[in-house]
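Every chain is numbered from 1, with letters handed out A, B, ... down the list of sequences.
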There are 2 protein chains.
Amino acid sequence: MDEQSRETVTADDVALRAGVSRWTVARAFKKDGVISEKARAKVMAASAELGYVPDLLAASLASDRSNLVALLVDDFDNPHKLVMLERLTRILREAGYGTLLVNMLGESDAPEALLTASQRRVDAAVVIGTQFDEGIRRTALGAKRVKQLIIFARASTTPGTISIGCDDIAAMTEITRHLLGKGFKRPLFLAGPNTESTRLMRKDTFLSVWSEAHGAPPPSVIHVADYSMALACEAVTTYLSDLDETLRPDVIVCENDVLALGAIDALRHKLGLAVPAEVAVTGFDDVALAASPAYDLTTYRQPVTEMAHALVRVLDNGGRNATDVFLPGKFIKRGSA
Amino acid sequence: MDEQSRETVTADDVALRAGVSRWTVARAFKKDGVISEKARAKVMAASAELGYVPDLLAASLASDRSNLVALLVDDFDNPHKLVMLERLTRILREAGYGTLLVNMLGESDAPEALLTASQRRVDAAVVIGTQFDEGIRRTALGAKRVKQLIIFARASTTPGTISIGCDDIAAMTEITRHLLGKGFKRPLFLAGPNTESTRLMRKDTFLSVWSEAHGAPPPSVIHVADYSMALACEAVTTYLSDLDETLRPDVIVCENDVLALGAIDALRHKLGLAVPAEVAVTGFDDVALAASPAYDLTTYRQPVTEMAHALVRVLDNGGRNATDVFLPGKFIKRGSA
DNA sequence: CACTTTTATGCACGCGCGTGCAAATTCCTG
DNA sequence: CAGGAATTTGCACGCGCGTGCATAAAAGTG
């Protein structure tokens, strides 16, 4: 055992020890590298003895791939983000990608955040945000700074980006059919902020499916400024307090679980109404809390795992001929509707 | 305007345009670089025109700092993790650090996860996990692969690591005093898994402060295998169902909010007990849900922002003469106890 | 066994920037 | 305005590895 340890061991060290050239060492570590079994075995043995691991940083610099993807997030309040982060980091890591988590600090921070990511040569930037404007696209693609811009769990019509998400149309159609089947008459749709560039098809789908079945009048909609339980609670409380009791909705259809949980809190604790007896509620995402006896929320589970795999596929192809992907999830029927 | 755009613009391009050398360009981008104001202005102007941004990857390779820190997480179920991630990514980014989010897939994955991080030359690895064993330390420090190992929001006695967290002792003492003041007699402590290497002082503190005030018998303790609402709910249900009613605790002190929320669900929905009238509950962390009317949980807020700033300080010093940091948080009194 | 095909290996060059020091320039003082 | 101090700038070398091609070794053929 030579005592040159304690220091960074490079491919050269391994090459020396294995009696091959540095490039053979590199080949041994490439999964589909052309190399004889014998040589690879020698290299691997030497690497193990020396504790060698390829330096991904140097590799990124030399090649034009970093195997790094940036995850841009702007809403850390929704527990469902945690689920997405878990799945993405797990599956990306298993596929050999590292994940750079970038906090989009404010509304107009997206371009800056993207720049931060690009400085580390990410192979792709994945936006898991709720708000984001055109600026991000210009920064990303206009300056060629980021090779790929992927919108995760949202639909974006922005050209040059690709979206990977849940098939919201099928999902919301299923929810709506369920509600129609149960005979609800006066729904209220509770939506998040009304953004342009990236949006959910949930509201539109609900409105069209419902109207098609029921005709006029179209269901009412209220928007909450943010996907926050507290704000949703407040919005519902205000809206229902001002409303004549005979016009009270019999079901509140929410754009996601966070809003739904806030709505339930409002109904029960602010307005003294029973859920689902007096007003039913549905959500979207199936966060952990939705399953708790306190809420027992009927909702829809996004296929996060499959979405992450779809992302890996796009990355592995370097974005060549990639198209939007919208995958089916699963309707979760519980007690709230 | 020369039309060499579309391509990566390097410091050389900027140097050429600004009429200085490449190294002067580098200096202009170093916050405390020695450079004349005139030169810096020229460089900045040229950079702006060309859209130049320093390549952090190349910088990391050339220097021995990457300004990258790895966040190792193994528990994506606790919404409080999201708060920590938000604060850490925000504050680290503001301080010029990038964050690599690494999912510690399983119990024994810590060393592997650390290796993944080290391959990207992180300046430090920050463990925000609940479980982690000695292996991680050996991998990190033994092989000199990671310069610094920091345990966040936990106390670790492992030598060579530094801990940054909430002052659990002061915190739990305050909670306990509050409960003593309100005249509770039979507390039950609800704890998470019983790990060795990294742990919370909450349980020990509670037990000692309580015993000191009340003498024997010492409070009962139950452990839940995981920080999960569902498991906590189950554990509490089982425990209380088997218990003679006269021995029923009048307050359940929980190691964190997730356990507390599960406990409340158990009390209300499984056991039909009123909170806080029949059994009170306290938590720890002050997750968003704790403030909702559905739970209205008395808890303790960790100083996450300050903890993140403390982390930045350690990083900026390159870990020289760094010591453990435990900061005071804030007791949040609500209705549950 | 000579010769072609296939498979393995070696190597020059470059990725974009930091470090440490030497050379050049500017500033100041009497 | 000379002479030295202070400030500013330039540069050789290296960080660790990938790419593409040339060369060497092994395998196959008649």
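Here the P atom of nucleotide C:dT7 and the CZ atom of A:Arg40 are 16 Å apart, to the nearest Å. Rounded to a whole Å, the CD1 atom of A:Ile35 is 17 Å from the P atom of D:dA25.
One finds a salt bridge joining B:Asp109 and A:Arg93 here, because a Lys/Arg side-chain nitrogen approaches an Asp/Glu carboxylate oxygen to under 4.0 Å.
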For a side chain to side chain donor-acceptor pair (under 3.5 Å) check, start with the C-alpha distance between A:Ser66 and A:Arg121, then their side-chain angles and the critical distance, and finish with the verdict. CA-CA 6 Å; A:Ser66 60; A:Arg121 295 205 184 178; over 6 Å; no

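Considering every non-hydrogen atom in both A:Val314 and A:Ile164, the closest pair reads CG2-CD1, 4.2 Å. Among all heavy-atom pairs drawn from A:Gln148 and A:Ile150, the shortest one is OE1-CD1, 3.8 Å. The minimum heavy-atom distance linking B:Phe76 with A:Leu82 is given by the pair O-CG, 3.2 Å.
Residue B:Thr24 has no polar side-chain atom (N or O) positioned under 4.0 Å from OP1 or OP2 of D:dT8. Under 4.0 angstrom from either OP1 or OP2 of C:dT9 there lies at least one side-chain N or O belonging to A:Ser36.
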For nucleotides 15-24 of chain D, 5' to 3', base contacts (B), sugar-phosphate-only contacts (S) and non-contacts (-) with protein non-hydrogen atoms under 4.0 Å give BBBBB-----

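The CG atom of B:Leu88 lies 10.5 Å from the NE2 atom of B:His309; values are rounded to the nearest 0.5 Å.
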